[in-house]
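Sequence lines set the chain letters: A, B, ... in the order given, protein chains first and strands last, and positions in each chain run from 1. From a predicted model like this one, the values you see are computed outputs, not experimental measurements.
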Amino acid sequence: MKRSDLQAMARRELDRQQATRCRLLCCASTPCLSSGAATVQQALEQAVTDNKLDAEVVVVSTGCMGPCSRGPMVTVQLAGQEDTYYENVTPESARQIVAEHVMANQPVADKIMPSDLPFFAKQHKIVLANSGVIDPERLEDYVARDGYAALAHALREMTPEEVCAEISKSGLRGRGGAGYPTGLKWDLVRKAPGEKKYVIANGDEGDPGAYMDRTLMESDPHRLLEGMAIAGYAVGAEQGFLYVRGEYPIAAKRLEKAIRTAERRGLLGSRVLESSFSFRIDIRIGAGAFVCGEETALMASIMGRRGQPTPRPPYPAQSGLWECPTLINNVETFGNIVPIIAHGADWFASVGTAKSKGSKIFALAGKVNTTGLIEVPMGITLREVIDDIGGGVADGFSFKAAQTGGPSGGCIPAEHLDTPMDYESLRALGAIMGSGGLIVMDNASCMPDVAKFFMEFCTDESCGKCVPCRVGTVQMHRILERITNGSAAPADLQILQDLCTMVQETSLCGLGQSAPNPVLSTLRFYREEYEAHIQRHECPAGVCKMTEAPTLELVEALPRRIRELGTIPMSLA
Amino acid sequence: MAVITMTINDELVSGVEGQSLLSLIREQGIELPTLCHLEGLEARGGCRLCLVEMQSTQRLLPACTTTAQEGMSIQTHSERLVRYRRMILELLFAERNHVCAVCVMNGRCELQDEAAKIGMDHVRYDYLVPELPMDATHDKFAIDHNRCILCTRCVSVCDSVEGAHTWDVMGRGVNSRVITDLNQPWGSSRSCTSCGKCVQVCPTGALANKGSTVAEMVKRHDFLQWILDGREKKQWVMHNGGSEGRR
Ligand SMILES: Cc1cc2nc3c(=O)[nH]c(=O)nc-3n(C[C@H](O)[C@H](O)[C@H](O)COP(=O)(O)O)c2cc1C
Ligand code: SF4
Ligand code: SF4
Ligand code: FES
């Protein structure tokens with residue numbers, strides 16, 4: 001396939017789409033599928049056939065539309081009208097939509113999710129632009145929306161150096177958590193000496209509750225492949241690996257299919273778009289270890305070894321897979337490449353703040369009215385996200401904390417709700433941008449209990465290689481266990497704090513280094529809750545059972561009791 | 001080989017390019033505890049006892065896996081480092097059942113030595129008292145998981161020096177355990193050559209010759225250098241006259 005063939009394919013598909021009067025988009029991402037989207041789609045298709053509408057109406061299964069808690073979601077695209085979003089669609093309402101909206105132009109009012117809701121209006125879709133709009137399993141759908149045009153442009157009109165420079169200029173930073181400048185990383189790999197180089201997309205996504213990367217892989221797989229291919233061209237790699245979390249079978253299946261389609265059409269494989277550049281992508285499936293998201297452990301896993309981190313330096317850019325220079329980026333990071341090359345670095349850099357450019361996808365969860373997957377401009381305040389996009393804290397509850405960054409992050413209290421969401425501001429609060437988990441908690445949450453939850457996660461997920469993380473997390477968890485069951489002694493708090501700093505500073509990899517963050521951040525903003533548990537044996541939120549007694553306190557009280565009783569000489573007591 | 005100069009504890013020292021920080025530090029006669037690393041095996045960076053402080057960034061890096069670089073400036077025994085080393089040792093003692101009084105290595109154990117040197121007189125953490133088995137199915141050796149610190153020296157020496165790869169690690173976190181073959185009894189292992197290298201490099205009483213009783217077990221590390229010299233330099237000379245091989 002040449003560039004002109006690509007353009008012809010896009011034209012054909014656009015003509016085809018314009019020839020249909022109505023497109024019924026039905027979300028086929030994991031959240032909607034689990035609330036029954038498959039039967040909704042069947043009902044839509046059946047209704048279309050039953051009403052003999054096959055010639056003018058198509059039913060398309062798409063990726064995620066965002067408001068996952070209101071799924072199954074269906075979008076009606078009628079020629080000459082604005083899109084209509086339907087929420088909580090059932091097979092019955094699906095038939096109703098076809099009969100009333102499609103056939104009689106009478107929208108089904110009680111199922112409509114108004115498109116002027118702040119949920120949609122405050123979002124800024126760069127990475128998810130195609131998500132919920134195209135059929136992820138059809139290459140033509142992607143190509144019709146300028147798919148692979150950025151790759152064709154880069155191959156023909158840009159040198160690898162220029163591609164790296166463009167990415168640098170855009171200000172894009174890694175979306176996998178640490179926020180390392182992407183262009184700088186690409187340039188390091190490009191300049192690293194070595195015949196063979198590799199590109200890896202990190203789709204391990206281990207944070208509990210996060211599903212940004214899954215959505216992107218499920219909803220727009222070709223965008224990811226195109227981004228990786230551009231990266232391969234920029235750094236001089238001919239082989240890419242896509243590391244997909246084992247729990248994401250739908251994502252893996254769609255990616256596999258997308259790779260095969262792209263290879264068949266000459267968009268991947270040898271001589272991409274009839275240029276001299278070749279690029280293959282292979283999928284590797286993880287086996288459910290959080291630590292395998294860490295880059296050195298991930299590479300060990302790809303090479304068939306035990307998924308355990310190794311000390312850096314050497315960094316992957318110097319010595320990665322099979323000791324070759326390796327570029328590793330998060331899946332969402334790769335999702336930003338195509339728009340940057342297509343619309344230019346300046347366009348991208350116009351969104352966001354001085355140091356954090358572009359958008360960020362968050363999995364908004366917890367006690368807000370609308371949860372789901374959102375893409376917002378960097379620098380938006382937490383308040384806007386919670387009150388506007390999330391529709392506010394659920395009725396009858398009051399806001400207590402927003403947790404970002406999962407087990408590596410922290411909790412942000414109400415007084416900091418106006419903090420702009422960018423890498424630096426969040427870090428200054430002891431939370432992190434992380435990969436995009438965002439959990440809103442209300443007064444029914446107990447902060448030491450939240451800290452305990454994340455510590456337990458780290459205890460389970462520690463690989464066991466280094467002592468501070470392997471044993472330190474268990475000891476920290478034990479103390480949190482004591483605090484939340486009522487048996488902690490005052491001295492425990494200091495021991496906990498000392499362990500936190502030690503584990504942070506001495507652990508081998510990011511898992512251990514960041515495991516204390518949830519404790520430290522809750523200690524910083526909600527210290528009185530810890531003290532209430534320890535000193536007054538009460539849980540202010542009423543979550544902890546506090547069934548145990550503090551044993552150490554008895555021991556400490558003994559000498560005093562003896563002195564009071566006066567039965568032992570004072571010199572001994 | 002290019003020469004580099006750097007600063008260790010405010011003293012200017014010189015070494016060769018590519019040398020590990022650990023070897024350069026030890027060349028100065030400075031003692032640095034290493035429980036996972038052993039000269040002759042691949043550095044691992046797991047125990048975190050050899051951490052040193054970079055003066056420029058205040059970051060802590062393991063000396064065993066870090067290469068000495070021109071202009072570096074480090075501290076090896078700052079107050080913070082000593083405090084952390086002691087905490088790490090306490091964590092190790094709390095992790096499994098290290099009852100020194102009834103150990104074959106009592107008096108010669110590296111873990112015990114390091115704890116004594118740093119002045120560790122008590123453990124401030126909960127003893128986790130896991131229930132762990134012993135495996136005494138092998139004719140000549142036995143493993144007591146209660147005393148294992150997961151340094152993986154046994155795994156490393158068996159793989160890279162003996163070439164048998166009998167040992168590996170199973171599980172993760174505190175539930176990790178060293179295993180023989182695919183978690184089969186050591187005695188039934190078909191890959192084990194009964195060479196005993198793992199026993200000799202094990203820092204604690206976890207691996208021992210069968211039949212040794214309390215404080216009887218002596219371990220030799222000198223064989224490792226002997227084999228490596230023989231392999232690389234074709235010299236077969238025993239440096240230590242066969243005495244106890246530890247530094
Ligand atoms: C314990 C741990 C888990 C991680 N999990 C992920 C993950 O699931 N996905 C990811 O992209 N990065 C993860 N990372 C970060 C990666 O190590 C790496 O920094 C990232 O993939 C680099 O890509 P970026 O520069 O595009 O962010 C993890 C790091 C640590 C320490
Ligand atoms: S910090 Fe934890 S996960 Fe990372 S190497 Fe150490 S034990 Fe393994
Ligand atoms: S058995 Fe000995 S050498 Fe092997 S990991 Fe345990 S302590 Fe280390
Ligand atoms: S000897 Fe360096 S970390 Fe164990």
Task: Nearest atoms (heavy-atom pairs only) where A:Val471 meets B:Val174 - done: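 In terms of heavy atoms, the two residues are closest at CA-CG1, 4.4 Å.
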Open item on the list: Shorter than 4.5 Å, heavy atoms on both sides: which option in A:Val474, A:Val291, A:Thr459 has the most such pairs with chain B?
Closed with: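 Sorted descending by pairs with chain B, the first entry is A:Val474.
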Task: Spacing of CD belonging to B:Glu42 relative to OG1 belonging to A:Thr310, to within rounding of 0.5 Å - done: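 If I round to the nearest 0.5 Å, the distance is 9.5 Å.
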Open item on the list: Tell me the closest heavy-atom pair linking B:Leu60 and A:Glu505, and the distance in Å.
Closed with: CD1-O, 3.8 Å
TODO: Decide if atom CD of B:Glu17 counts as having more than 12 heavy atoms of other residues, nucleotides or ligands within a radius under 6.0 Å.
DONE: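 It does not: B:Glu17 CD has 12 such atoms or fewer within range.
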Task: Closest approach of A:Ala289 to B:Arg172 (non-hydrogen atoms, all atoms of both residues) - done: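 Distance-wise, the nearest heavy atoms are CB-NH1, 3.5 Å.
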- [ ] Tell me, for B:Leu150 versus chain A, whether the close heavy atoms (under 4.5 Å) come from the side chain, the backbone, both or neither.
- [x]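 Both backbone and side chain.
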TODO: Give a yes or no on whether A:Glu323 atom CD has more than 12 heavy-atom contacts from other residues, nucleotides or ligands under 6.0 Å away.
DONE: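 Incorrect, the count does not exceed 12.
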TODO: Quick one: closest heavy-atom pair of A:Pro468 and B:Arg48, and the distance?
DONE: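 Here A:Pro468 and B:Arg48 meet closest at CD-CG, 3.4 Å.
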- [ ] Could you have a look at B:Thr65, B:Val169, B:Thr152 and say which one has the most heavy-atom pairs with chain A under 4.5 angstrom?
- [x] B:Val169
Task: Interatomic distance, B:Leu61 atom CG to A:Arg312 atom CZ [nearest 0.5 angstrom] - done: 11.5 Å
Task: Considering all heavy atoms, the nearest A:Gly464-B:Ser176 contact - done: CA-OG, 4.1 Å
Task: Euclidean distance, A:Cys469 SG relative to B:Leu91 CG, rounded to 0.5 Å - done: 11.0 Å
TODO: Give, for atom NZ of A:Lys465 and atom SG of B:Cys47, the distance between the pair rounded to the nearest 0.5 Å.
DONE: 11.5 Å
Open item on the list: Can you tell me which portion of A:Thr501 sits under 4.5 Å from chain B's heavy atoms? Options are side chain, backbone, both or neither.
Closed with: both
Open item on the list: I want to check something: taking the side chain as every heavy atom from C-beta on, are B:Arg44 and A:Leu508 in contact at a cut-off of under 4.5 Å?
Closed with: no
Open item on the list: Restricting to non-hydrogen atoms, name the atom on B:Gly171 and the atom on A:Arg306 that form the minimum distance, rounded to 0.1 Å.
Closed with: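 Looking at all heavy atoms of both residues, the shortest contact is O-NH2, 2.9 Å.
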- [ ] Evaluate whether atom CZ of A:Arg305 has more than 12 neighbouring non-hydrogen atoms of other residues, nucleotides or ligands under 6.0 angstrom away.
- [x]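 Counting other residues, nucleotides and ligands, CZ of A:Arg305 stays at 12 neighbours or fewer.
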Open item on the list: Taking side chain as everything from C-beta outward and backbone as N, CA, C, O, which of these in B:Arg80 sits under 4.5 Å from a heavy atom of chain A? Side chain, backbone, both or neither.
Closed with: side chain
TODO: Check each atom of B:Leu49 against the heavy atoms of chain A and say whether the ones under 4.5 Å are side chain, backbone, both or neither.
DONE: neither
Open item on the list: Please classify the contact of A:Pro311 with chain B as side chain, backbone, both or neither, using a heavy-atom distance under 4.5 Å.
Closed with: side chain
- [ ] Would you check if B:Asp126 and A:Glu481 make a side-chain contact, meaning some heavy-atom pair closer than 4.5 Å?
- [x] no
- [ ] Taking the side chain as every heavy atom from C-beta outward, state whether A:Ile479 and B:Tyr125 have any atom pair closer than 4.5 Å.
- [x]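 A:Ile479 does not reach B:Tyr125 side chain to side chain.
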Open item on the list: I'd like to know whether CZ of B:Arg59 has more than 12 heavy-atom contacts from other residues, nucleotides or ligands below 6.0 angstrom.
Closed with: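 No, because the 6.0 Å sphere around CZ of B:Arg59 holds 12 heavy atoms or fewer from other groups.
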Task: Derivation and outcome, side-chain contact (heavy atoms from CB on, under 4.5 Å), residues B:Leu128 and A:Arg478 - done: CA-CA 10 Å; B:Leu128 302 181; A:Arg478 285 237 170 172; 3.7 Å; yes
Task: Structural part of A:Asp498 lying under 4.5 Å from a heavy atom of chain B - done: both
